[in-house]
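All remarks here apply to the structure that follows.
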Amino acid sequence: MRIRTLIVDDATETLEALMLVYSTQRDVEIVGTAQCRADALQRLRSGDVNLVSIDVQLGREDGFQLCSEISQSYPNVFITMCSMDDNESYRNLATRSGAHHFLAKPMSQDDAAKLTSYFRAWENARLTEQRVLDEQTEWIESLLSEMNNANS
Amino acid sequence: MIHKVMDWFHKSVRVSSSATRTGASTKIVEIVEPVALLPHVEHGTISVSNNQVYVTNPEGEGSYPTLTVPNLSCLDVFVDGVKRVGRVIVHEDQDIQVAIHDVAPTRKFSLKASADAMEVIARTEVIPGESYRLVDATSVRHTVLALETRMIAPAPLEVRDVEVQLHSDGYHGDVDDVRLKLLCNARKTQEAVILRGVPATPGKTPRYMPVKLPKVYDPVHRRMRISSISMGSTVAVLDRGLPSVPGRDVFGNEVSETVRTRMPKLGQGVVEVNERLVAVRNGRLLFTDTLIDVIPELVVYRDLSSKDGKVEFDGNVVVWGSVLDGSFIKATGTVEVHGRVLCSTIMGERGVYVTDSMIGSRAISGHSKILYTPVQSIVKECLAALQRFHREYVEFVAHSKSRFDRRTYLPLMADVLLKKRHTNLENLLDRLATDPDGVSDVDDRYRQIAVEIRAKWSGIQRTNIFDKDIVFLLQLVEEYNGYVETMMTAEPAPISVASVTSSSLRATGRIVVTGIGVYASSLQANDSIVARGTVRGGFLVAEKSIRIGELGTPAGIESSVKVCNPAGKIGIKTRHPNTLLQVGNQRSRNQVTEYRTLLKGDTYANSYAYRG
């Protein structure tokens, strides 16, 4: 399964460089880019994005706020925050905003490879959890239908 | 003065009167004989001479002399046979004996051979002795015994005794007489090399000498280089060199010279005939310290485009034109483009050289090393684990020979061993089979291993494994491990290009941008990056160092530069605002323009920048 990736960054040059770095990974497919919050949310509505890379500073907008919105509205999307500043407070803020990963610029191809590994591990854990949830739901529903049949 | 006064008091006087001319009488005092005003007193004295104590008794009402004996370990004073310490009153009739205990000097001598057994080091440890003597005193009433100390050196060693010891310890070689004599007579602790073995006389190592071949000018590298070689040409001659003469160590063992240089490997393009290297194919001569080969060359005298299809060549590729949109070039040698590269992919195992710009393209040099880096450690670990597994399997099979139900359970043994005792190997085989790095897409050997694992070592098939299957897989993995290690030891491959725009460059060697600069691109080098022009936007990541003419723009375009090695450095002539530099863990982001910036890693203290 290819990782459908959306890149959000206000700087055109950085956006291009990020595209180049992500596309070196064979299982990453760049499905779109956005330079502001509105464009990013519009792109996400199409529903075919697995991974979003968000810059911490989106011009006048706040990347952390966008991250919170996406994590609440699209819980199945893996979010990674990118920043020129690599400090503890940004990392903590990213985690609190719902980000799954934090990357400090400049990014290398090895960083992109590690990101895809993290994504795979997260996706496997999520799917396993989802499967368990689905099985439990199915069991409860079958129990309910049996009870209903017994009552009728 | 005191004596004068005493004399005065001891003199006797006569008082007489005499008349003067005027008739007055004058009293004259004349000294006639001493007048004894005080009674006679002679005190006792004590003298120290030649380590003996001499006492004289007092006379009359004189006082006896006193002697103070200090509490010293080397001095014993006996008065009438009793040891005394402290202040003591002494007189003539006492028997005063002084015992002084000198400290004798010591000398220890030892020999040891050096680590390489080519020298014998002698050590003499000297502890000088001490000789004591009482400080003299002459006729004093009170004295404190004090000691004078004199250092005594030990007796010198006999040179002959040392030589005898050398022989008895089994040492052979040339004795350094001068040093030996100095050591024997040393008056303090010293070490010296007194015997040396005979070192090996180095010979001349054999090597290949290149023959003179016609040269042409290379515009990419801007130097003369050998033109194409035709099949059958002699490219080098073997110089056999001279053999070395072995030496002898201090134990008499023969010591041969360590060979420092190895002969370069011969590639498939050359063969040795009568001590000459002859080209077996047409191509370009590659003559380095590690490899001599004739690499075939594909020369394209026009622009290359997607219509030409994928160009994959075992050798060098030279394009005398541009590489246009959609092209793909992959070479096991170098790729040279004497023009531009537009929206294409270029992979050169030994380097990529572009004389003009790269736009929207991708260039990789040393791709095998990049490809095999994530796989190398896993293959090595898998090989070790598989060898352990095989050893244990063989032991189990040997133990099971006595059992009657052996035939039933033997095929299951490998599966049980894997599950119960070799879970690590199980995970590694699974990793190799799934191939997340996509190596099997480009590597047939890896694909063969992955297919074998999927066919025999996963699922229900694992319950039917015999020794021959294990040996087969072991052989495959061992050969592949050797192949990967060979690929990983390939020389770093550089990338050289005039300018880079919206492109991705990855090199196992250096990246050099000779022209205008870099715009919105990703550059990653395992060695260093040099961009003489401007770098605007994008990411530059190098292992050792980065040098840039101008980074960023006055408008503050985000540009990031990183050197992974904490001992590396970044040098920039002009650094505009909003640019990030990182060396190791040290990050620097600026808000004003700086000039001649040099950022060094944590191991240095001298980073500096000049603010505009």
Side-chain angles (χ1 to χ4, degrees), chain A residues 1-3 7-30 33 35 53-60 63 82-91 102-121 123-124, chain B residues 345 360-364 370-371 373-374 434-439 441-442 500-507 518-526 529 535-543 546 552-553 555-564 570 578-582 585-590:
Chain A
M1 183 194 97
R2 298 201 83 187
I3 305 171
I7 305 175
V8 184
D9 199 302
D10 61 320
T12 317
E13 296 82 11
T14 310
L15 203 58
E16 277 202 59
L18 282 170
M19 280 173 63
L20 289 164
V21 172
Y22 280 120
S23 57
T24 59
Q25 304 305 305
R26 67 181 194 130
D27 48 357
V28 169
E29 182 187 345
I30 311 291
T33 60
Q35 289 187 278
S53 170
I54 306 173
D55 187 24
V56 160
Q57 285 164 336
L58 287 174
R60 290 183 185 174
C82 295
S83 174
M84 288 261 282
D85 293 310
D86 182 15
N87 53 50
E88 203 59 44
S89 60
Y90 270 25
R91 286 180 181 264
F102 186 92
L103 273 172
K105 291 173 187 172
M107 258 182 76
S108 65
Q109 293 177 16
D110 302 326
D111 293 331
K114 278 182 198 163
L115 175 60
T116 55
S117 305
Y118 283 130
F119 172 82
R120 293 280 179 220
E123 184 77 353
N124 284 342
Chain B
T345 300
S361 302
R362 195 170 162 202
I364 304 175
I370 295 167
L371 181 70
T373 299
T434 50
D435 183 26
D437 303 300
V439 181
D441 295 340
V442 293
V500 184
T501 304
S502 303
S503 300
S504 164
L505 272 58
R506 177 87 193 262
V518 179
Y519 177 74
S521 301
S522 164
L523 274 61
Q524 186 171 343
N526 286 13
I529 296 176
V535 173
R536 291 187 177 166
F539 304 140
L540 270 65
V541 178
E543 191 58 39
I546 294 178
T553 62
I557 286 183
E558 240 182 51
S559 309
S560 314
V561 166
K562 177 179 170 183
V563 167
C564 301
I570 299 173
N578 198 28
T579 54
L580 171 73
L581 308 183
Q582 181 178 350
N585 292 329
Q586 199 180 347
R587 291 170 77 92
S588 161
R589 191 175 176 187
N590 65 328

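In this text the structure is predicted, and so the values were computed from the model without any measurement. Here is the naming used below: chain letters follow the sequence lines, and residue numbers restart at 1 for every chain.
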- Message: Less than 4.5 Å apart, side chain to side chain, heavy atoms only: is that true for B:Arg362 and A:Thr24?
- Response: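 Yes, their side chains come closer than 4.5 Å.
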- Item | Any side-chain heavy-atom pair of A:Pro106 and B:Leu580 under 4.5 Å |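 Yes. Closest side-chain heavy atoms under 4.5 Å.
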- Task: Would you confirm whether B:Arg587, through its side chain, and A:Met84, through its main-chain N or O, come within 3.5 Å as a donor-acceptor pair?
- Result: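 Yes: the side chain of B:Arg587 pairs with the backbone of A:Met84.
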Can you tell me which portion of [X] sits under 4.5 Å from chain B's heavy atoms? Options are side chain, backbone, both or neither.
X: A:Thr12; answer: neither
X: A:Asp55; answer: side chain
X: A:Leu18; answer: both

- Item | ring-ring contact (aromatic ring centres under 6.0 Å, His included) partners for B:Tyr519, two or more places apart |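 Applying ring-ring contact (aromatic ring centres under 6.0 Å, His included) to B:Tyr519 gives none.
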- Message: For the OG atom of B:Ser559 and the CD atom of A:Glu13, what is their distance to the nearest 0.5 Å?
- Response: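 One finds 7.5 Å between OG of B:Ser559 and CD of A:Glu13.
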- Task: Would you give the length of the straight line joining atom CG of A:Leu15 to atom CD of B:Glu558, rounded to the nearest 0.5 angstrom?
- Result: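 So the gap between those two atoms works out to 10.5 Å.
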- Task: Could you tell me which non-hydrogen atom of A:Val21 sits nearest to which non-hydrogen atom of B:Ser522, and how far apart they are?
- Result: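 Where A:Val21 meets B:Ser522 most closely, the heavy atoms are CG2-OG, 3.4 Å.
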- Message: Using heavy-atom distances under 4.5 Å, tell me whether B:Gln582 contacts chain A through its side chain, its backbone, both, or neither.
- Response: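 Answer is side chain: those atoms of B:Gln582 sit under 4.5 Å from chain A.
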- With only heavy atoms counted, which part of B:Thr373 is less than 4.5 Å from chain A, the side chain, the backbone, both or neither?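 Neither the backbone nor the side chain of B:Thr373 comes within 4.5 Å of chain A.
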- Item | Residues forming a side-chain contact (heavy atoms from CB on, under 4.5 Å) with A:Asp110, sequence neighbours excluded |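 For A:Asp110 the side-chain contact (heavy atoms from CB on, under 4.5 Å) partners, ignoring immediate neighbours, are A:Ser108, B:Arg506, B:Gln524.
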- Item | Selection from A:Thr116, A:Asp85, A:Asp27 maximising heavy-atom pairs under 4.5 Å formed with chain B |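 The candidate making the most pairs under 4.5 Å is A:Asp85.
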- Task: Output the option from B:Gly538, B:Gly537, B:Ser502, B:Ser504 having the highest count of non-hydrogen pairs under 4.5 Å with chain A.
- Result: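 The candidate making the most pairs under 4.5 Å is B:Ser502.
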